[in-house]
Q: 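First the structure, then my questions, so here it is.
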There are 2 protein chains.
Amino acid sequence: MAGLPESEVTVKERVRIGGRSARIQNAVHDAVRKLGALSTRNQITVPQIAAEAGVTPSTIYRRWGDLSALLADVAVARLRPIADPDDTGAVETDLRAFIEQYAEEMSSPVGQALMRDVLSALNQGLPSACAGFTCDHLTTLNARAKARGETPFDIDEVIDHVVAPIIYRALFSDQMPTLDYCNRLIDRIYPPARKRRTAS
Amino acid sequence: MAGLPESEVTVKERVRIGGRSARIQNAVHDAVRKLGALSTRNQITVPQIAAEAGVTPSTIYRRWGDLSALLADVAVARLRPIADPDDTGAVETDLRAFIEQYAEEMSSPVGQALMRDVLSALNQGLPSACAGFTCDHLTTLNARAKARGETPFDIDEVIDHVVAPIIYRALFSDQMPTLDYCNRLIDRIYPPARKRRTAS
DNA sequence: ATTCTTAACGCAAAATATTTGCATTAAGGT
DNA sequence: ACCTTAATGCAAATATTTTGCGTTAAGAAT
């Protein structure tokens with residue numbers, strides 16, 4: 001429950017890590033999550049968040065700058081992985097399982113909202129940080145594969161031809177990707193054994 | 001009744017298309033483009049736009065609702081195609097030329113800003129409309145191909161494996177896609193004749 | 001062409017949100 | 001325990017957004 005993953009070694013922070021600061025950040029993040037959850041992204045406002053968190057609005061403005069920066073900060077915190085992908089015993093099934101869960105999360109209304117929040121913050125490199133999370137997960141799968149003696153996949157190829165189509169459709173169309181669709185994308189990385197490239 | 005050459009049959013609009021309304025919409029759109037161009041998307045505000053356009057802020061609020069809706073409206077207007085893709089004489093070179101220009105536009109700072117503006121508008125189906133523009137262009141290329149007797153490409157495949165990677169990298173990384181990168185993506189649709197899958 | 005109806009606009013006041021100055025609190029170091 | 005200073009709370013100042021109401025002009029009817 002001590003939510004902050006600010007492990008004490010990362011003292012490179014330019015902001016104070018101490019008790020009060022962290023307490024306020026948690027309160028504000030919780031308030032954003034709570035309000036964002038029940039109000040389905042209907043004009044959530046800074047004074048609202050401040051009241052819910054029990055802080056003054058000026059604190060939020062000073063720490064985060066504006067609403068979109070705060071929403072983006074909360075979004076990356078929620079997008080940041082808390083656990084490694086499931087270990088299914090083989091790299092191909094690992095990848096399929098991970099992509100299935102990833103597609104589900106990102107295509108859901110909350111996932112779409114999180115991505116929009118991250119993309120709206122134009123100041124820092126938050127979008128590329130989120131892309132880094134995905135890359136990290138794929139790297140983890142590959143490390144497992146190597147440990148098992150399997151040949152790893154090409155991460156860039158998975159990003160370009162599996163992750164990117166899923167995200168593109170999640171952002172620019174409003175239809176959830178089916179499990180079948182995800183598996184067809186992965187078939188390009190791991191072609192089905194029996195069939196050749198029967199592209200219809 | 002002298003002035004406007006408005007086609008009289010398309011009266012299906014639910015908003016007035018007459019002189020003043022259109023004049024104000026143009027003035028506001030021009031103001032957004034002008035301010036957005038010089039200020040590199042640094043906190044542009046509704047009163048600023050209103051002053052530049054010579055209208056009162058309340059008009060903007062009443063017509064568009066809020067700033068993000070206005071920015072999204074301007075963005076789709078700018079993203080909407082004004083001309084068909086260049087005709088290079090063959091479908092493969094048509095596709096390569098179109099994708100090169102598309103990648104250049106979308107990866108530029110202004111293209112990224114336009115996409116963010118469109119994605120920020122959660123009310124209507126603006127994002128899917130923009131995806132429709134791309135789809136329309138690809139359909140045009142295919143229609144040309146058929147007219148020439150060429151075999152058309154698979155539009156969904158181009159969207160998933162050429163367009164989507166370009167957009168994903170434009171949104172989530174900050175590196176422009178090289179022409180070489182785009183061509184390698186299209187090589188999956190039109191494999192190079194001489195070389196086999198020399199992935200190195 | 002004139003009149004009628006009404007959507008869209010301008011204006012100004014009210015409500016709300018954001019910024020800023022200053023006093024106070026508490027974190028981290030001496 | 002003391003010192004330094006980043007971070008906060010409070011409240012005033014400023015800016016933005018909303019709203020009521022009178023006016024303008026577009027589109028239809030006469």
Side-chain angles (χ1 to χ4, degrees), chain A residues 2 4 6-32 35-36 39 41-73 120-121 123, chain B residues 1-32 35-36 39 41-73 120-123:
Chain A
L4 269 292
E6 311 278 4
S7 52
E8 69 288 344
V9 200
T10 58
V11 285
K12 207 56 179 307
E13 299 292 336
R14 64 193 176 288
V15 295
R16 294 196 173 186
I17 328 276
R20 184 171 68 165
S21 214
R23 207 161 39 238
I24 286 186
Q25 166 160 334
N26 282 336
V28 170
H29 275 227
D30 287 346
V32 170
L35 293 176
S39 136
R41 190 50 42 89
N42 267 342
Q43 50 191 27
I44 174 176
T45 150
V46 171
Q48 239 182 309
I49 297 166
E52 176 71 32
V55 300
T56 53
S58 60
T59 294
I60 293 181
Y61 288 118
R62 272 196 251 257
R63 273 186 74 156
W64 282 278
D66 62 353
L67 177 61
S68 70
L70 170 58
L71 294 182
D73 187 47
S120 295
N123 30 5
Chain B
M1 72 178 59
L4 273 291
E6 210 51 68
S7 59
E8 69 287 347
V9 198
T10 58
V11 285
K12 203 58 176 306
E13 299 291 336
R14 65 190 176 289
V15 295
R16 294 198 172 185
I17 34 190
R20 184 171 67 165
S21 213
R23 206 160 41 238
I24 286 186
Q25 165 160 334
N26 284 335
V28 171
H29 276 226
D30 287 346
V32 170
L35 294 176
S39 140
R41 190 51 42 89
N42 267 342
Q43 49 190 28
I44 174 176
T45 104
V46 170
Q48 241 183 307
I49 297 166
E52 176 70 32
V55 300
T56 52
S58 60
T59 295
I60 294 182
Y61 288 116
R62 272 197 249 257
R63 269 187 76 155
W64 282 279
D66 62 354
L67 177 61
S68 70
L70 169 59
L71 293 182
D73 186 47
S120 295
L122 49 168
N123 32 4

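What's counted below: heavy atoms across the whole structure, side chains too, no hydrogens, waters or symmetry copies. Sequence lines set the chain letters: A, B, ... in the order given, protein chains first and strands last, and positions in each chain run from 1.
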Q: Taking only N and O in the side chain of A:Thr59, is any of them less than 4.0 Å away from OP1 or OP2 of D:dT8?
A: no
Q: Looking only at side-chain N and O atoms, does A:Thr45 come under 4.0 Å of OP1 or OP2 in C:dA17?
A: yes
Q: By nearest atom, which of the nucleotides C:dA8, D:dG9, D:dA7 is closest to the B:Arg63 side chain?
A: C:dA8
Q: Could you tell me whether the side chain of B:Ser58 has a donor or acceptor atom within less than 3.5 Å of a complementary atom in the base of C:dC11?
A: yes
Q: Quick one: the side chain of B:Ser21 and the base of C:dC9, do they pair up donor-acceptor inside 3.5 Å?
A: no
Q: Taking side chain as C-beta onward, heavy atoms only, is A:Val46 less than 4.5 Å from A:Asp66?
A: no
Q: Which pair of non-hydrogen atoms, one from B:Ala121 and one from B:Ala72, has the smallest distance, and what is that distance?
A: CB-CB, 3.3 Å
Q: What is the minimum heavy-atom distance between A:Ile49 and A:Ala31, and which atoms define it?
A: O-CB, 3.7 Å
Q: A:Arg23 CZ to C:dA26 P: how many Å, rounded?
A: 8 Å
Q: In whole angstrom, give the distance that lies between atom CD of B:Gln25 and atom P of D:dA25.
A: 19 Å
Q: Between P on D:dT19 and CG on B:Asp66, what's the gap in Å once rounded to a whole number?
A: 13 Å
Q: When the distance from CD1 of B:Ile24 to C1' of D:dA26 is rounded to whole Å, what number comes out?
A: 12 Å
Q: Output the rounded distance in Å from CZ (B:Arg20) to C1' (D:dT23).
A: 9 Å
Q: Can a side chain N or O of A:Arg62 be found less than 4.0 Å away from OP1 or OP2 on D:dA7?
A: no
Q: When the distance from CG of A:Leu67 to C1' of D:dA15 is rounded to whole Å, what number comes out?
A: 17 Å
Q: Check the distance between D:dT16's P and B:Gln43's CD and give it to me in whole angstrom.
A: 9 Å
Q: Verify, without hydrogens or angle tests, whether B:Gln48 (side chain) and B:Thr45 (backbone) share a donor-acceptor contact under 3.5 angstrom.
A: yes
